[in-house]
Amino acid sequence: MEDSSIIIKVLHFCTVCLFLPSAVTHTLLYLYTAVRSGINFSEFSAVGLMDGEQCVYYDSNITKMIPKTEWMQKISTDDPDYWNRETQRMRHRQDQFQDTVAAVRKSLNINGGVHTLQRMYGCELYDDGTTRGYDQYAYDGEDFISLNLTTGTWTAAKPQAVMFIKVWDPKGAKAQYWQSYLKSDCIDQLRKFVSYSRETLERKVPPTASVFQKHSPSPEVVCHATGFFPKAVNITWRKDGEDVNEDVELRETLPNQDGSFQKRSILKVPAEDLQKHTYTCVIQHSSLKEELVLYVNEQQITKDGGSGGWKTGVVVPVVVVAVLVAVVAGVFIWIKKKGSGVQSPQVQTGAELHPLNTPHSDVPV
Ligand SMILES: *[C@@H]1O[C@H](CO)[C@@H](O)[C@H](O)[C@H]1NC(C)=O
Ligand SMILES: *[C@@H]1O[C@H](CO)[C@@H](O)[C@H](O)[C@H]1NC(C)=O
């Protein structure tokens, strides 16, 4: 009966979809690719993915291991030599992999043409504490050999691979090395990455905020919040304590180079209204115990208004919070104001101690 088989499939699918997310908690996967064209030249690249997100990259042109996520860059804050060691390790693996390419070509009796060797290996951590590993090679897109993690031996996926294994790993030393690596080192590394990414993704950094006036073409007041994390933020305007919804232009939340965010809200308001009423910009963010209220300082705005530049109306006392954040993070980095490529009004009091302002160029790669 076709109907019942569909129902069974759906039931099976739902068991899988309910079961999987709670079972596999974290994954680490590396993918190596060598493309060999002609006789003597082979391009090598490696990517690493944690939980499906690319976290590192290496290739034979740059010959450096490069962090691809913000949390990855933080590893070098605690361990300055980390990326040098990873680079050395990957250069060694590149050599090994290119030797493997040569060995595969020899065993398959291939002389010219464009061919690829791919290797995919990694480990998985389940919520009950169990782990799983795998290591597979494919030549020109077809399975070639794989590692049996139970026995610590290679399994040939095609007849030609049997001879290859005998020549390439005669004593099974490679198989045993990778069996052990996937069961322990890989899992240790995955756990380390999980803790770094969690620290980064769950962090709370308060915004630095300012209110300033822009003149052209019509008078408007801008409320600008920057340097906050996570992304969700609420910026609203109040006139004599009442919410203002009209003539408000809320801009998109934009990323800063350091992984934090910025957002602005623009209020169009006639100059005489600014004199008659009290306008405030209200910022709500998960890092703040109470909402941040910035008064539109009419005096300062009208006094400074002429030059048309960025005007800081209110300086928010974030020093204490910034110091706390820096202490908790265990880092004190003196940040000089560097061109971040993102327009930002002023580096205000307290921003110097902001640990997340670390420019990317400081990461040794
Ligand atoms: C092939 O590569 C080796 C080492 O990478 C190099 O010494 C040699 O000159 C290359 N030969 C050709 C023909 O490019
Ligand atoms: C690994 O080898 C064992 C023993 O030969 C076998 O029972 C098992 O099915 C193999 N595992 C895989 C994934 O091939």
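Given the structure is predicted, the values throughout are model-derived calculations rather than measurements. Each ligand, and each atom within it, is numbered from 1 in the order the structure gives.
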R132 charged N/C atom sitting above Y134 aromatic ring, 6.0 Å / 45°: no
Ligand 2: protein residues within heavy-atom distance under 4.0 Å: N148, T151
Between SG on residue C281 and CZ on residue R238, distance to nearest 0.5 Å: 10.0 Å
Exercise: do N256 and T226 side chains pair donor with acceptor under 3.5 Å: yes
SB check E86 R89 (cutoff 4.0 Å): yes
From R93 atom CZ to Q98 atom CD, the distance as rounded to the nearest 0.5 Å: 14.5 Å
Pairs involving residues 155-178, ordered by first then second residue, that meet side chain to side chain donor-acceptor pair (under 3.5 Å) (sequence neighbours left out): T100-W168, E142-K158, W154-D169
